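Source: prediction; values computed, not measured. Residue numbers begin at 1 in each chain, while the letters A, B, ... track the order of the sequences.
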There are 2 protein chains.
Amino acid sequence: MWERSQMIVGTLPRWEAGRKARVASTLEEIAVLSGVSRSTVSRVINDDPRVSEATREHVLRVVRREGYRPNLTARGLASGRTNVIAAVIPVGFENVLSDPYFPSLLHGMATAADAQDHFLMLSLGEPGFRHTVDEIARQGVVDGVVFSASQTDDPLLSPLIATGTPVVSVGRPDDARVSFVDVDNEGSARQITSHLLRLGHRRVALIAGPSFAPAARDRSHGFRSAVASHGLRVDENLVYEGLFSEASGRAGMRALLEHRPDAVFAASDRMAAGALNEIRAAGLRVPEDIALAGFDDMPLAREMEPPLTTVRQRPERLGEAAVNLLLDLMADPNATPKRVMLPTELIVRASCGSYLNQETLSRQERGHLQ
Amino acid sequence: MWERSQMIVGTLPRWEAGRKARVASTLEEIAVLSGVSRSTVSRVINDDPRVSEATREHVLRVVRREGYRPNLTARGLASGRTNVIAAVIPVGFENVLSDPYFPSLLHGMATAADAQDHFLMLSLGEPGFRHTVDEIARQGVVDGVVFSASQTDDPLLSPLIATGTPVVSVGRPDDARVSFVDVDNEGSARQITSHLLRLGHRRVALIAGPSFAPAARDRSHGFRSAVASHGLRVDENLVYEGLFSEASGRAGMRALLEHRPDAVFAASDRMAAGALNEIRAAGLRVPEDIALAGFDDMPLAREMEPPLTTVRQRPERLGEAAVNLLLDLMADPNATPKRVMLPTELIVRASCGSYLNQETLSRQERGHLQ
DNA sequence: GCGTAATGTGGGAGCGCTCCCAGATGATCG
DNA sequence: CGATCATCTGGGAGCGCTCCCACATTACGC
């Protein structure tokens, strides 16, 4: 039921259009005003050391007085660099409701870009968009691209690589040619699974992410490796492949329950939330009957009842690292592909039934890890 | 308690750098290859009608065969337009956790921009950022700006206007010179308040947004106007000014409870969520003891217990409308400022204690509204 | 004192486009 | 059949910068 208010288009009182403040707007003008050549002004603007201190000061004074700003388009044309980098965000990113992953990622990218005097251009990897990122790259608008990996081996990536534009992926891509930043999904999954095992659980189930996603595969490997290193073998009945979504978490838990797990590691917090609902629906309790752990540490994890033990990753840091890596790559165009792994944190909360206090547990785990 | 995995920087196996596919890359080259002049190719590329059909076809064939893309930087320098618009997102936007407002807004802007062959540049309005949007505008990188109003009269806005760059604000700004898109906050607030009053509530309280935010002021006016038009006067004890946040909603509700409201309109869903918690903590029930309504219809509203009656606004539509309005303004540089009001929907859920079914209520309200 | 650097500075060419004007061609018409 | 016009095409002049090379000036060595 709803009432719809109407759309209104109106006109505001006319206002004396803000005349642009009168400013000297070209290098040439500044040159004339300060009695030097265009070249010298250019050197001053670009912090070229081959300018005498006196000249520099004088020119800078004129520049400031006139409020001069170099025209970046002209600079781009002459120098072949635009100082713009593109951020490619995958399909349907706004549907990832209540998940601040992409906003945080973007924030990190914007921060790093700004700090290094670059600009961020947003490119959505949606089907139906007319301007794909490879086209943008080929039109010379951007110097490099941060590719925020879609869940699958994205069809946008290959054409982009073919343009020769420097690319950094956020999250390990399928294509081994591209540099990337990522968290240690495998190690983190191993760590949190070990945590469950050390608490005495023996039938630890896995609600995995989709196998086409490298991050999901890595987390599954970590899980398996942890189980194996505790001298157990993985019961395939206790492994379910979901889609990272809450719904698939529920479905997974429903399937797993009949095999009576005593603990569950869900490869995303959202799947863990779904699993929790299903466990409740079955009349069981967390953590008393089944221990539960997730991955991501999104805000949701803290707010769950009970709060969720999980692995914290920091999307903002990923974004910063991606941009910094990209800028490195751009500086040295025939550098070899690089990878950067960012640290994660194991966040222990009530959902795994740890009765040890944090101090103790911390010491235990450290001991175990070395 | 946490364990920190280490940061790792590694090198990937060297890969034969993807040589750029050999492509003709300038107008001049295409001109030579197709035996016409640079000017003619330019006309073809820009859909200029003054080209014979035969020539056009021929040139287009060559263009396609060579995979030629015009260099947008050069075009920008020559034409004075870059086809780039900036989106300014206010301070701390990633902190608005679990609120998909900005992602949706950006998505809408990106969609509209792409459809009209423009690019979106992201500019964060954070203190500490080196490159403010007015500077970006003055450097000639963008043709126009969509300013996503921060809560307060943003200090970034004035310098931006002074540059003479076309600006559209999302949400009514304090400055009357700028065009904007917005939802009808006042009308929508009046409507949802009337809804509460028509359900028989007489002591309807308001948890308002911060008075420095135009949207908050408008919603408060709507509330007051509805109360007045029902022949009641506003009890100032039943009005609390919050900050749109959940915490301020709780605090507001705590203050209001002693004045025994029978209904509460919170000017944001987050404040409504806070109010709900406080009502519960006081041992009261929603909607039996106190009816509750919010504003925004964020996902949270649907998931609350009970689900929240609220006003739905669509950030994505706002983003699209803002970009479209901006492009209109850019096309006609000395147009008068314009405003566009987008429709909202009253979403009736259980929290207001409506015992009427939706059909009936809908008819009633329609009758009442005309 | 002169050669040789080192240090500053100026000017030209050119980045790849757009935009304007001039010219060529053919159609139309009194 | 020349004048007039519409239609199409070509070339020049820039847009505001960077980058390179040439030149002027001063510093330093023996």
Check: protein-nucleotides 19-23 of chain D nitrogen or oxygen pairs below 3.5 Å:
unit_1	atom_1	unit_2	atom_2	d
D:dC19	OP1	A:Arg81	NH2	2.7

Run the side-chain contact (heavy atoms from CB on, under 4.5 Å) test against A:Ile85 and tell me which residues pass, sequence neighbours left out.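 Applying side-chain contact (heavy atoms from CB on, under 4.5 Å) to A:Ile85 gives A:Ala113, A:His118, A:Leu120, A:Val323, A:Leu326, A:Met330.
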
Could you pull out all residues at least two apart from A:Ser79 that satisfy side chain to side chain donor-acceptor pair (under 3.5 Å)?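 Partners of A:Ser79 under the side chain to side chain donor-acceptor pair (under 3.5 Å) test: none.
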
Non-neighbouring partners of A:Arg172 that pass side chain to side chain donor-acceptor pair (under 3.5 Å), sequence neighbours left out: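 Residues passing side chain to side chain donor-acceptor pair (under 3.5 Å) with A:Arg172: A:Asp218.
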
Difference in axis direction between the ends of the helix from C:dG1-D:dC30 to C:dG30-D:dC1, five pairs, 10°: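 It works out to 40° between the end axes.
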
Would you kindly give the [atom1]-to-[atom2] distance between [X] and [N], to the nearest whole Å?
X       : N      : atom1 : atom2 : result
B:Arg75 : D:dG16 : CZ    : P     : 18 Å
A:Leu77 : D:dC17 : CG    : C1'   : 8 Å
B:Asp48 : D:dT7  : CG    : C1'   : 12 Å
B:Leu72 : C:dC15 : CG    : C1'   : 15 Å
B:Asn83 : C:dT18 : CG    : P     : 11 Å
A:Asn46 : D:dC17 : CG    : C1'   : 9 Å
B:Glu28 : C:dG16 : CD    : P     : 10 Å
A:Glu57 : C:dG8  : CD    : P     : 14 Å

What I want to find out is whether A:Glu320 reaches A:Arg317 closely enough, with some N-O distance under 4.0 Å, to be called a salt bridge.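 Yes, this pair counts.
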
Candidates C:dC17, D:dT9, D:dG16 - which lies nearest the side chain of B:Thr55: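 Closest of the options to the side chain of B:Thr55: D:dT9.
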
Among D:dT18, C:dC15, D:dG10, the one nearest A:Leu27 by side-chain distance: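 Ranking D:dT18, C:dC15, D:dG10 by closest atom to the A:Leu27 side chain puts D:dT18 first.
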
I'd like to check the salt bridge (Lys or Arg N to Asp or Glu O under 4.0 Å) partners of [X]; sequence neighbours left out, ordered by chain and number.
X        : result
A:Asp117 : B:Arg130
A:Glu28  : A:Arg38
A:Arg50  : A:Asp48
A:Arg43  : none

Under 4.0 angstrom between [X] side-chain N/O and [N] OP1 or OP2:
X       : N      : result
B:Thr40 : D:dC8  : no
B:Asn71 : C:dC15 : no
A:Ser52 : C:dT9  : yes
A:Ser37 : C:dG10 : yes
A:Tyr68 : D:dC17 : yes

B:Val36 or B:Ala74, whichever maps to the more 5' nucleotide of DNA chain D: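 The answer here is B:Val36.
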
Non-hydrogen side-chain atoms of B:Ile45 and B:Ser42 separated by less than 4.5 Å: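 Result no, sub-4.5 Å side-chain heavy-atom pair not found.
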
Run through B:Val88, B:Val168, B:Leu106, B:Leu105 and flag the one making a side-chain contact (heavy atoms from CB on, under 4.5 Å) with B:Ser148.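 Option passing the side-chain contact (heavy atoms from CB on, under 4.5 Å) with B:Ser148: B:Leu105.
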
